[in-house]
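One structure below.
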Amino acid sequence: MPEKTATKTFSLEKLLKKRPLVLAPMSAVSDLPFRILCRQQGAGLCFTEMINAEAIARNNKSSLRLAQSCPTDSPLGLQLFGAKIDSMEKAAKTLIASEQFDFFDLNMGCPDEKVLRQGAGAALLRREKRACGLVKALKGAGKQVSVKIRLNPNVLNSIRACRALERAGAECITVHGRTVKQKYSGKVDFVSIKRIAKAVSIPVIANGNISSRRDVETTLEKTGAAAVMVGRGAIGNPGLFAELQGRKGVKPIEAMFKYIELFEEFGSGRFGRKKTQAIRFLAKARERQVVELVQKAGTEQELEQALAGLR
Ligand SMILES: Cc1cc2nc3c(=O)[nH]c(=O)nc-3n(C[C@H](O)[C@H](O)[C@H](O)COP(=O)(O)O)c2cc1C
């Protein structure tokens, strides 16, 4: 069988060399309108938020909407979480039909109890064989595959797992330089990321606590990674991507209004999501009073009224 064109021409390695700033997959944050804003500000690669493979396999509409994309939303990694091989295969086949993304990403880092109980997310760090099986299941659909992990307390286990994932066909590994126990706090372990990057021959993206140009330089220098992934720093503030490249970024309030326009244009979800995202931009802009008004808004009209003074 000839390979799909997308698989042949798309190279994650080349892409990361040219564009080393990556937007993290973030639940209820990294949706299509937000990704478009981050790309306009200089993000070279974006990921969708994590999407439940089981739900996609069942053709669940709201999960399918999380995979929403458009031609300018490229290059894009579509992140799935799950633990069952057959559901992963089915989800991959369903999604591949859309041709609206460039590669799959397997979530192996989510510390959420509900996800762990399914044996998915960070639980896969202890289920190496299953994780490799899931990578193969995704590859079987004809796209490239990356994985996103957290560190194991013993880095030798992380190294062994990453080598196995590479052998299973993963083309890139994002390492969030914290353990599951650390959740989102504590130091990022640059030394362990470096050891992983040295141990594999595929590109490694370093992730954790990037909020300035200095952070980008330090992280790349100390880890030897090909690129850095930005998470919380970009929430409510896509302009960070411009700042990380020495340019002035879009201000959070301006970004919020653009977000709302794009949200309407693409029909990206329900009112609740729009409101939550608006609050994130407002929080970044320290508009506390408006945040309170928006929190109380129960209709589109009330939201519009709450934001009117900022226009
Ligand atoms: C609100 C939120 C949602 C997240 N959702 C996901 C997700 O869907 N998939 C994933 O792999 N990681 C997720 N993460 C983790 C981030 O991708 C990233 O690994 C983590 O925030 C560390 O990067 P940072 O220090 O730059 O924030 C999420 C983090 C936050 C704060």
Side-chain angles (χ1 to χ4, degrees), residues 20-32 34-35 38 43 45-53 55-56 62-63 65-67 76-83 101 103-116 118 120-125 131 134 138 145-151 165 170 172-190 192-193 204-216 218-220 223 225 227-238 240-241 243-244 269 272-273 276-277 279-281 283-284:
L21 297 178
V22 179
L23 171 69
M26 286 185 284
S27 218
V29 176
S30 306
D31 52 21
L32 173 60
F34 188 72
R35 294 196 301 268
C38 291
L45 167 65
C46 294
F47 284 83
T48 66
E49 62 195 271
M50 63 179 196
I51 308 175
N52 186 344
I56 296 286
S62 43
S63 294
R65 186 158 52 198
L66 300 179
L76 178 66
L78 191 153
Q79 192 188 69
L80 288 169
F81 74 95
F101 59 97
F103 61 97
F104 284 114
D105 185 62
L106 177 66
N107 182 312
M108 294 181 61
C110 180
D112 188 288
E113 272 305 322
K114 270 193 235 152
V115 174
L116 295 178
Q118 291 174 38
L124 289 171
L125 297 172
L134 292 167
L138 289 171
V145 177
S146 65
V147 295
K148 180 164 178 279
I149 66 160
R150 276 177 180 259
L151 290 172
L165 289 161
C172 176
I173 302 177
T174 301
V175 184
H176 178 187
R178 295 188 178 94
T179 61
V180 176
K181 224 174 163 185
Q182 279 180 287
K183 295 238 164 123
Y184 296 95
S185 59
K187 277 194 177 159
V188 173
D189 181 351
F190 292 134
S192 292
I193 300 178
V204 163
I205 303 173
N207 170 230
N209 278 3
I210 300 278
S211 60
S212 68
R213 287 189 89 182
R214 181 87 197 269
D215 294 334
V216 175
T218 310
T219 304
L220 289 176
T223 62
V228 294
M229 176 182 276
V230 184
R232 287 163 298 174
I235 295 181
N237 187 26
L240 177 64
F241 282 101
E243 287 162 24
L244 295 179
R273 173 169 290 229
T276 314
Q277 291 275 51
I279 289 170
R280 293 192 168 114
F281 290 103
K284 217 56 163 211

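Atoms within each ligand, like the ligands themselves, are counted from 1 in listed order. All figures in this text were calculated on a predicted structure; none of them were measured in a lab.
Outside the 6.0 Å centre-distance limit, the rings of F104 and F47 are not counted as a close aromatic pair.
For ligand 1, the atoms sitting less than 4.0 Å from at least one non-hydrogen atom of R232 are 21 (O), 24 (P), 25 (O), 26 (O), 27 (O), 31 (C), numbered in the order shown with element in parentheses. Residue-ligand proximity, N209 to ligand 1, at heavy-atom distances under 4.0 Å covers atoms 24 (P), 25 (O), 26 (O). Near A24, with a cut-off below 4.0 Å to any heavy atom, the atoms of ligand 1 are 17 (O). The contact set between ligand 1 and R178, taken as ligand atoms under 4.0 Å from a residue heavy atom, comprises 25 (O). The distance from ligand 1 to the heavy atoms of K148 drops below 4.0 Å at these ligand atoms: 10 (C), 11 (O), 12 (N), 15 (C), 16 (C), 17 (O), 18 (C), 19 (O).
D215 and T219 share no donor-acceptor pair across their side chains, judged by distance under 3.5 Å alone. No hydrogens or angles considered: nothing links the side chains of R232 and N237 as a donor-acceptor pair under 3.5 Å.
Residue-to-ligand polar distances keep M229 apart from ligand 1: every N/O pair is separated by 3.5 Å or more. Between G231 and ligand 1, an N or O atom pair is found at a separation short of 3.5 Å. At least one N or O atom of N207, backbone or side chain, sits closer than 3.5 Å to an N or O atom of ligand 1. Note: an N/O pair closer than 3.5 Å links P25 and ligand 1 by distance alone.
Using a cutoff of 4.0 Å between basic side-chain nitrogens and carboxylate oxygens, R214 and E243 are not scored as salt-bridged. Between R178 and D189 there is no salt bridge, since no side-chain N of the basic residue sits under 4.0 Å from a carboxylate O of the acidic one.
Of all heavy-atom pairs between A123 and L116, the closest is N-CD2, 3.4 Å. Taking all atoms of both residues into account, the shortest heavy-atom contact from P25 to Q79 is CG-NE2, 3.5 Å.
The part of N107 lying near ligand 1 is the side chain, judged by heavy-atom distances below 4.0 Å. Here F81 has no heavy atoms under 4.0 Å from ligand 1, in either its backbone or its side chain. With a 4.0 Å cut-off on non-hydrogen atoms, M50 touches ligand 1 through its backbone as well as its side chain. Under 4.0 Å from ligand 1, the heavy atoms of H176 that appear belong solely to its side chain.
Contact annotation: G109 has no heavy atom less than 4.0 Å from any atom of ligand 1.
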Walk me through it: do N207 and V175 pass the test side chain to side chain contact (heavy atoms under 4.5 Å, CB included)?
CA-CA 6 Å; N207 170 230; V175 184; over 6 Å; no
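Annotation: cation-pi geometry satisfied between R150 and Y184 (NZ/CZ under 6.0 angstrom from ring centroid, within 45° of ring axis).
Given atom 11 (O) of ligand 1, the protein heavy atom at minimum distance is Q79 NE2, 2.9 Å. With respect to atom 3 (C) of ligand 1, the closest heavy atom belonging to the protein is S27 N, 3.2 Å.
Side chain of Q118 to backbone of V115: no donor-acceptor contact under 3.5 angstrom is found.
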